[in-house]
Amino acid sequence: MPMTDPLTDTAARIADSIRRTTIDQSKRANVGHIGSALSIADILAALFAGPLADVDPSDPDRHRLVLSKGHAVLALYGALHACGRLTDAELDTYCGDGSHLAGHPEHTLEGIDFSTGSLGQGLSLAAGCALAARLQGSERIAFTVMSDAELNEGSVWEAAMFAAHHQLSRLVAIVDVNGQQALGYTRDVLDLEPLAARWESFGWDVHEVDGNDLRALGDTLQSLRMDGGAPHVVLARTVFGKGVTFMENRIEWHYLPQTDAEYALAAAELERGEK
Amino acid sequence: MRREFIEALVAVAERDERVVLLTGDLGFAALEPFSERFPDRFFNAGVAEQNMVGMATGLAEAGLTPYVYSISTFASMRGYEFIRNGPVLHDLPVRIVGVGEGADYSHNGITHYALEDVALMRAQPGLTLVNPASSGQVAPMLRAVQDLSGPAYIRLSKLSGSVPGLPDEFELGRAHRIGAGGSIAIVALGAMASNAVAAADLLAERGVQASVIVVSSITPAPIEDLIAGLSGVSLALSVEAHYVTGGVGSLVAEVIAENGLGCRLIRAGAQAAPAGVSGSLAYMHEQLGISPQRLADRVLEALQVRSEAAVLQVPNDAAVLL
């Protein structure tokens, strides 16, 4: 039995809440992208229990978060909700008419720094945030959460080169390495490995971590040096659909919404896990 | 107009520390006045336009005013979706600077010809789109654009020089008319104003009077000035170093149609990609049908149709009548 600590306990509470929100809201709205959201529940929980815990969305000097894999936004709404930044009523507008809570994040919602949804753009946005922080003498950090499949986009590597060349040490890219993309496993579509070596060869400070281990994620985030040197990439090896067994590592849960029976099964498993 | 632009940008940056300049590895012997004066605010993003625009979005979100610089084709098209999802969607003050209008890059060929950038940028709501007509318009243009809270696309001709009759002034949403009234108006975009004025001179030699309306602010569009300039005009000729679709010819067509102006429009500009055809700028303007002589000929041909139609008294085909 691993020792617990307050930060990890908080993260665990947030992660549970994100998963519950993901299952409930995707069912209510009858939409998909469930597996992708579950995949980053622990990553967002570690961020919102850690460096993003006290972020004031109205503070221009706040840390920035770019959810580059915008299709997993339900996990971000879940995190904001778990931290008291979104009400139940707001959450219940998800994917509804006139809602700010769309199927991909929009910056018009307080707490969302950038609208995303087109893959391969987030790292450039975050690199700009980090460069701005340097120019303005600020200690704010730019975080981006990316998918592994979006590394297919050439623009990611444009940003990777720039950030390393300019040693943007306040840039943190967390890649959700769940090994899946819309139509197949990444190893079958466009193999990304050796992923760590690729990032290292681009001049990044590379960390590989179990992306569903909250303690490991938290420790890794805390260990990153922000006072100069290379930008950081955390290769978070996750299980796609983590927390709902019948969704785990299944391609179809990129897109499928849940049937009533599937929802009942998923909700029951989450409830068991939370006890 | 690169030299004028950089001089003006240095002047703006002297008093506004928000200004940052990024280049996609272009601007040799052009950007140095800025990069040497403000080395900490100058970044060569490398040959990577998408990332350059994406980073500019992040810079602008933090309160800076980034200018991203490249050849118009690369500046407008390579990172188009980044422009759309970044500064346009977030309404942020990124300035995209494209050098070269139409076939300005002459012998470099079609990949360097900006023939659809105006159409692409016109389609983006909230994006200011300017195309100075003369060197003297560049500095006032930049002063007008700098303080905008939203994004802008600045289309710069490679040519420097003045346009006879055009003052060194610039105002967003305004056009400038050169020459008095008459029933013929030539509406020119950006540096095509020079060819338009030269065409008007050729027409004057033939006893045909034409005014020239210079459009250097496309978005916001100079609607009222176009209405005023085209009222009482029976034939308008639009001129642009651009495809005839989506640029100033389309803008003029919209103004005529939406305001019920009784004016026939002929659009001069590229009809097809000039693939396999390159050469000097004068040669390319001839090929694209936008040289002074070709423009004057378009007007004379249209007048010929009218006079023949009048002689033959065949008023049934309204499409060919003025």
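A note on names: the letters A, B, ... follow the listed sequences, proteins ahead of strands, and every chain is numbered from 1. What's counted below: heavy atoms across the whole structure, side chains too, no hydrogens, waters or symmetry copies.
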Would A:His166 and A:Phe162 count as a ring pair (Phe, Tyr, Trp, His ring centres under 6.0 Å) if you check the C-alpha gap in whole Å, the side-chain angles of each, and the deciding distance to 0.1 Å?
-> CA-CA 6 Å; A:His166 290 274; A:Phe162 184 95; 4.1 Å; yes
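For the set A:Ser118, A:Ala127, A:Pro60, the count of heavy-atom pairs under 4.5 angstrom toward chain B peaks at A:Ser118. Between chain A and the options B:His90, B:Glu81, B:Met52, B:Glu61, heavy-atom pairs under 4.5 Å are most frequent for B:His90. Note: B:Ala62 leads B:Ala60, B:Ala56, B:Gly46, B:Ala62 in heavy-atom pairs under 4.5 Å with chain A.
When heavy atoms are compared at a cutoff of 4.5 Å, B:Val20 approaches chain A solely by way of its side chain, counted from C-beta outward. The contact between A:Leu125 and chain B is made by backbone and side chain atoms together, counting heavy-atom distances below 4.5 Å. Within the 4.5 angstrom heavy-atom criterion, no atom of B:Glu17 approaches chain A. Of the two parts of A:Arg134, neither the backbone nor the side chain holds a non-hydrogen atom closer than 4.5 Å to a non-hydrogen atom of chain B. With a 4.5 angstrom heavy-atom cutoff, A:Gln136 touches chain B only via side-chain atoms.
Within 6.0 Å of atom CZ in A:Arg140, more than 12 heavy atoms from other residues, nucleotides or ligands are found, so the atom counts as buried in its surroundings.
Under the 3.5 Å distance criterion, with hydrogens and angles disregarded, no donor-acceptor pair is assigned to the side chains of B:Tyr80 and B:Gln50. A side-chain donor from one of A:Glu90 and A:Thr87 sits under 3.5 Å from a side-chain acceptor of the other.
Each of A:Asp113, A:Asp56, A:Asp54 was evaluated against A:Arg62; a single residue qualifies, A:Asp113, per the side-chain hydrogen bond (donor to acceptor under 3.5 Å, both in side chains) test.
Judged by a 6.0 Å distance limit and a 45° cone about the ring axis, B:Arg41 is positioned over the six-membered ring of B:Phe38.
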